Amino acid sequence: MNKLKIAIFTISTIILSLIGIKKLIYINQLKDLKNKEESILNESNRVLNECFDLENKDKRTHNESIELIEYCLEEYGY
């Protein structure tokens, strides 16, 4: 009877450990995906800010601003 209890305990421990490891892997994958998405958004933000040249926006006419926006959209596909 003791051997049966030990076997059941061992199997239960192994199963629970595998479930825990699987959940840890899943959590790490979510963190990696979130970091990757965040870095893509940051890079897109940087590129578009450079392209739109927001610091000099007051020096442009409306038509020049529209042309710049069209150029950025065509060039970077956003």
Side-chain angles (χ1 to χ4, degrees):
M1 193 66 173
N2 271 344
K3 289 183 180 182
L4 181 62
K5 287 181 181 180
I6 292 172
I8 292 173
F9 177 75
T10 304
I11 292 171
S12 299
T13 303
I14 291 171
I15 290 173
L16 290 175
S17 296
L18 291 175
I19 291 171
I21 291 170
K22 185 176 179 182
K23 288 204 180 264
L24 286 174
I25 291 171
Y26 178 72
I27 289 170
N28 284 336
Q29 287 175 342
L30 285 179
K31 286 181 183 178
D32 289 343
L33 182 62
K34 183 179 177 184
N35 289 339
K36 186 176 181 180
E37 288 175 350
E38 189 173 305
S39 69
I40 290 171
L41 286 175
N42 287 339
E43 180 64 17
S44 298
N45 188 24
R46 184 190 65 77
V47 167
L48 288 176
N49 280 335
E50 283 180 13
C51 186
F52 288 143
D53 190 25
L54 297 176
E55 293 176 8
N56 297 317
K57 67 181 180 181
D58 294 333
K59 298 176 184 174
R60 290 190 299 269
T61 64
H62 290 299
N63 286 338
E64 290 173 334
S65 293
I66 290 172
E67 288 173 3
L68 179 61
I69 290 169
E70 288 173 350
Y71 167 78
C72 292
L73 290 174
E74 287 175 11
E75 184 70 24
Y76 299 105
Y78 294 98

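All figures in this text were calculated on a predicted structure; none of them were measured in a lab. Position 1 is the first residue of the sequence; numbering continues from there.
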Salt bridge Glu38-Lys34, side-chain N to carboxylate O under 4.0 Å: no
Beyond-backbone contact of Cys72 with Leu68, side-chain heavy atoms, under 4.5 angstrom: yes
Reported CD1-to-OG1 distance for the pair Ile6 and Thr13, which is rounded to 0.5 angstrom: 11.5 Å
Side-chain donor or acceptor of Asn45 paired with backbone N/O of Leu41 under 3.5 Å: no
Glu64 to Lys59 - nearest heavy-atom pair and separation: OE1-O, 4.3 Å
Hphob cluster co-occupancy, Leu48 + Tyr71, side-chain heavy atoms under 4.5 angstrom: no
Flag side-chain contact, heavy atom, 4.5 Å: Lys31 against Ile27: yes
Polar contact flag, side-chain donor to acceptor under 3.5 angstrom, Asn28-Asp32: no
side-chain contact (heavy atoms from CB on, under 4.5 Å) between Lys36 and Ile40, worked out: CA-CA 6 Å; Lys36 186 176 181 180; Ile40 290 171; 4.2 Å; yes
Heavy-atom closest pair, residues Glu50 and Arg46: OE2-NH1, 2.7 Å
Spacing of CG belonging to Asn35 relative to CG belonging to Asn42, to within rounding of 0.5 Å: 10.5 Å
Shared hydrophobic cluster for Ile19 and Ile11 (ILVMFWY, side-chain gaps under 4.5 Å): yes
